[in-house]
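Encoded as structure tokens, the structure appears first; notes follow it.
We use all heavy atoms of the structure for the numbers below, so side chains are in, but hydrogens, waters and symmetry mates are not.
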Amino acid sequence: MAKDFDPSGRLPDIYTNAGTSSFTQFLTHAAPEMLPGRRPLPPGLAGDMAPHGTTIVAITTAEGVVMAGDRRATMGNLIASRDIEKVHPADAYSLIGIAGTAGIGIELMRLFQVELEHYEKIEGIMLSLDGKANRLAGMVRGNLGAAMQGLAVVPLFAGYDLSPADGAKAGRIFSFDVAGGLYEETGYDSIGSGSLFAKSALKKKYRTGVSTTDAIRLAVEALYDAADDDTATGGPDVTRKIYPVVMTATAQGTHRLSEEEISAVAEQVVAGRMENPGG
């Protein structure tokens, strides 16, 4: 008879006790092999064996935040996917974008969504925006072993703060490093291989208190500039009708722009570059 076999068919106590409000902590005890950073990996580097996703930009606005991501995933010098989605709602008022190893990044993002939902169900309240960012930092830190073998994931987190210390700064952006370091950014930020070019574009045009409509245009332009100089970043593909994923988080919650809305913005950006290709 198996050591842990229960002839009654009942679930182990860990599944029926109230336990912790952290779903990640629950998995650590109940099924640690399901956590991305707890799986054993063969020795050596594995970064070139899996698709990687870039680039993500986030911008604070007068109403909250805008986050956008290109649709390309690469594997070495090959395009692994032309329409991957890297920006998602974390919960009702926050957004998460992922850059790095695509498979682990998507799994981490989904686990984070469950983490926030689990906390709200157990505690009966929503985590603060700072609390959400700290939870995500811990999850990134848990993937450090895989990151050292080339399977790194770096998220970008942004949201609308329901209880801001400064009412004029309800939109907030948080960045991370592979060791789980957490940093709050001012105004805008970008991650991924094209981030240098995207941030350079935003540096010239971003203004404090920009409207959501203008920030959406800025985000698409920044991704266009990143794609212009970074082969791993995909620009608007008007032939295949593949455009960046753009989402907002405001007092009304999170919202994803429709294909019609973002295609109109992207095609305006492309038309403008046709008249002035260098700027």
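Rounding to the nearest 0.5 angstrom, the gap separating the CG atom in Asp229 from the OH atom in Tyr224 is 11.0 Å. Considering CE of Met75 and CG of Asn77, their distance stands at 9.5 Å, rounded to 0.5 Å. Summarising the geometry, atom CE belonging to Met139 is positioned 13.0 Å from atom CG belonging to Asn134; distances are rounded to the nearest 0.5 Å. Here Gln268 contributes atom CD and Glu221 contributes atom CD; the two are 10.0 Å apart, rounded to the nearest 0.5 Å.
Salt bridge annotation for Lys199-Glu185: absent, with no cationic side-chain nitrogen under 4.0 angstrom from a carboxylate oxygen. Comment: Asp91 engages Lys132 in a salt bridge, judged by a side-chain N to carboxylate O separation of less than 4.0 angstrom. Ion pairing between a basic and an acidic side chain is recognised when a charged N comes within 4.0 Å of a carboxylate O; Asp225 and Arg273 show such pairing.
You'll find the side chain of Thr60 stays beyond 4.5 Å of the side chain of Lys169, heavy atoms only. Side-chain contact between Leu108 and Ile98: absent, with no pair of heavy atoms (C-beta onward) separated by less than 4.5 Å. Proximity of Leu136 to Pro155: side-chain heavy atoms (C-beta onward) are separated by under 4.5 Å at one or more points. Contact of the Lys205 side chain with the Val210 side chain is not registered, since no non-hydrogen atoms from C-beta on lie closer than 4.5 Å. Between Pro89 and Met247, some side-chain heavy-atom pair lies under the 4.5 Å cut-off.
Under a 3.5 Å cut-off, the side chain of Arg71 and the backbone N or O of Tyr243 do form a donor-acceptor pair. The backbone N or O of Ile56 sits less than 3.5 Å from a side-chain atom of Ser190, completing a donor-acceptor pair.
Partner Glu115 forms a salt bridge (charged side-chain N to carboxylate O under 4.0 Å, His left out) with one of Lys121, Arg110, Arg135 and no other, that one being Arg135.
Here the shortest heavy-atom pairing between Ala99 and Ile191 reads CB-CD1, 3.8 Å.
Hydrophobic clustering, with ILVMFWY side chains joined whenever heavy atoms are under 4.5 angstrom apart, keeps Val265 apart from Met67.
Remark: the Thr233 side chain and the Thr55 side chain contain an N/O donor-acceptor pair separated by less than 3.5 Å. A donor-acceptor contact closer than 3.5 angstrom is absent between the side chains of Glu63 and Tyr160.
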Review point. Going through the checks in order, is the side chain to side chain contact (heavy atoms under 4.5 Å, CB included) test met by Leu218 and Leu202?
Key: CA-CA 7 Å; Leu218 287 179; Leu202 290 173; 4.1 Å; yes

Point to revise | Worked check of side chain to side chain contact (heavy atoms under 4.5 Å, CB included) between Thr212 and Val66 | key: CA-CA 7 Å; Thr212 297; Val66 169; 3.9 Å; yes

Exercise for review: Determine, step by step, whether Leu129 and Phe174 satisfy the side chain to side chain contact (heavy atoms under 4.5 Å, CB included) criterion, reporting the C-alpha distance in whole Å, the side-chain angles of both residues, the deciding distance to 0.1 Å, and the verdict.
Suggested key: CA-CA 10 Å; Leu129 197 64; Phe174 299 88; 4.0 Å; yes

**Study point:** Stepwise side chain to side chain contact (heavy atoms under 4.5 Å, CB included) test for His255 and Thr250
**Key:** CA-CA 8 Å; His255 169 71; Thr250 64; over 6 Å; no

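Remark: Glu117 CD is loosely packed, at most 12 non-hydrogen atoms of other residues, nucleotides or ligands lying under 6.0 Å away.
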